[in-house]
Amino acid sequence: MIFDVMTLFPEMIDYCMHESVIGRAVKKGIITVNCFNIRDYSTDRHRHVDDYPYGGGAGMVMQPGPIYDCYADIMAGKETKPRVVYLTPQGRIFDQPLANELAREEEIIFLCGHYEGVDERILEEIVTDNVSIGDYVLTGGEMPAMIMIDAIARQVEGVLGSSESAANDSFQDGLLEYPQYTRPEEFHGMRVPDVLLSGHHGNIDLWRRRQSLKRTLERRPDLLEKVRQSGGLSAEDRELLAGLQEEVPGSGQ
Ligand code: 6GU
C-alpha cells in the first residue's frame, strides 16, 4: 500500500515512518510512504507557500498553486485517482471503521495543512475526504496523518506479525481489550488472576470476555451502547453484562 504525504515538514513524517512496526513494514516493502515537500513547488523566489487572507483577518493562508503542482506531480502517470485526505479539525472523525475501510485502498494521498488554513479552491478541486482525529485543534496535519497511517497500515496484510494480530485489538469488535499480565506472578503485592495460571482455555476466554465487557462498561459506556444497538452482543455477553451491572457503580439500566 502506498501513502503519499503532501506537507511542509517532510522530516517529521519520514522519521516516524522508519521506526517500530511501521518501519519494519516499510523495510519489508509492504507499505511505502512518499513525502512531498510542498515548498519544493513554490514558484516564489523566497520559496513562500502562503499569503494574507482576502477579506483580512489574522494569520496566513496556504496558496493553492504549490499544492496543486505537488499533487499533479504525485498524479503523473497514474490511471486512477486515489482518495485524497485533507487533515482538518472540520472533518469526519477518524475511527476504527474508517481505518479498516481505508486499509482496502491501494494508495492514499494526504494533504497536511498549516498556518490558518488552506485556500478553499484547492480543497474543492482535489480533496475526497476531510478527516479530523478528534475535537481539539492542532497546529498542523502532520501528526494526524501519521496517526492515520499507523492505524491504517496495521490493518494491511503482513504488517503485523502473526503474534500481533489486529483481530483482537480494542475496537475491532467495538469493545475495549481485556487486561494483560506477564511475569512475575506477584508484583508489589498484586497477583496475576488465578484463572490465567489455570491453563483452562475455556475459563480464560470467558474471563477475558467478561473483563472486556466490564472495562468497556466502566470506561466507555458509549461504545458499549453502540455495540448493543448494532447487535454485537451474544446471549452470553448479555448474561455477563447483567452480572456486571451490579459490580460497576452507576452502570444500572
Ligand atoms: Cl486532522 N488537523 C488539525 N490541524 N487539528 C486537528 C485535526 C486535524 N484533528 C483534530 N484536530
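One-based numbering, in listed order, for ligands and for the atoms of each. None of these values were measured; they are calculated from a predicted model.
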Task: Heavy-atom donor-acceptor pair, Asp237 side chain to Ser234 backbone, under 3.5 Å - done: yes
Open item on the list: I want to know if ligand 1 touches Val137 in the polar sense, i.e. an N/O pair below 3.5 angstrom.
Closed with: no
- [ ] Identify whether the distance between the nearest side-chain nitrogen and carboxylate oxygen of Lys78 and Glu107 falls below 4.0 Å.
- [x] yes
TODO: Going by the side chain to side chain contact (heavy atoms under 4.5 Å, CB included) test, name the single residue among Leu123, Ile38, Val49 that passes it with Ile67.
DONE: Ile38
Open item on the list: Has Thr128 got a side-chain atom pairing as donor or acceptor with Val84's backbone, closer than 3.5 angstrom?
Closed with: yes
Open item on the list: Check this for me - ligand 1, Thr139, N or O atoms closer than 3.5 angstrom, yes or no?
Closed with: no
TODO: Can you sort out which atoms of ligand 1 are near Val131, meaning under 4.0 Å from one of its heavy atoms?
DONE: 1 (Cl)
Open item on the list: Closer than 4.0 Å to some heavy atom of Pro144 - which atoms of ligand 1 meet that?
Closed with: 1 (Cl), 2 (N), 8 (C)
Task: Per-residue contact class, Asp135 against ligand 1 - non-hydrogen pairs under 4.0 Å - done: neither
Task: Nitrogen or oxygen of Ile133 less than 3.5 angstrom from that of ligand 1 - done: yes
TODO: Flag the pair Leu87 / Leu111 as yes when at least one side-chain heavy-atom distance between them is below 4.5 Å, and no otherwise.
DONE: no
- [ ] Note the single closest protein heavy atom to atom 10 (C) of ligand 1, along with its residue, its atom name and the distance in Å.
- [x] Gly134 O, 3.0 Å
- [ ] Could you find the nearest protein heavy atom to atom 1 (Cl) of ligand 1 and give me its residue, atom name and distance?
- [x] Thr88 N, 3.1 Å
Open item on the list: Counting non-hydrogen protein atoms only, what is the nearest one to atom 4 (N) of ligand 1? Give residue, atom name and distance.
Closed with: Leu138 O, 3.2 Å
Open item on the list: Does atom CE (Met12) have a neighbourhood of more than 12 heavy atoms from anything else shown, all under 6.0 Å?
Closed with: yes
Task: Pair Arg209 + Asp173, salt bridge at N-O below 4.0 Å - done: yes
Task: Numbering as shown, the atoms of ligand 1 that approach Ser132 to under 4.0 Å (heavy-atom distance) - done: 1 (Cl), 9 (N), 10 (C)
Task: Nearest-contact summary for atom 6 (C) of ligand 1 - protein heavy atom, Å - done: Tyr136 O, 3.6 Å
- [ ] Taking only Lys NZ, Arg NE, NH1 and NH2, and the carboxylate oxygens of Asp or Glu, determine whether Glu218 and Lys214 approach each other closer than 4.0 Å.
- [x] yes
TODO: Heavy-atom distances under 4.0 Å are what count here, so tell me which part of Pro89 touches ligand 1: side chain, backbone, both or neither.
DONE: both
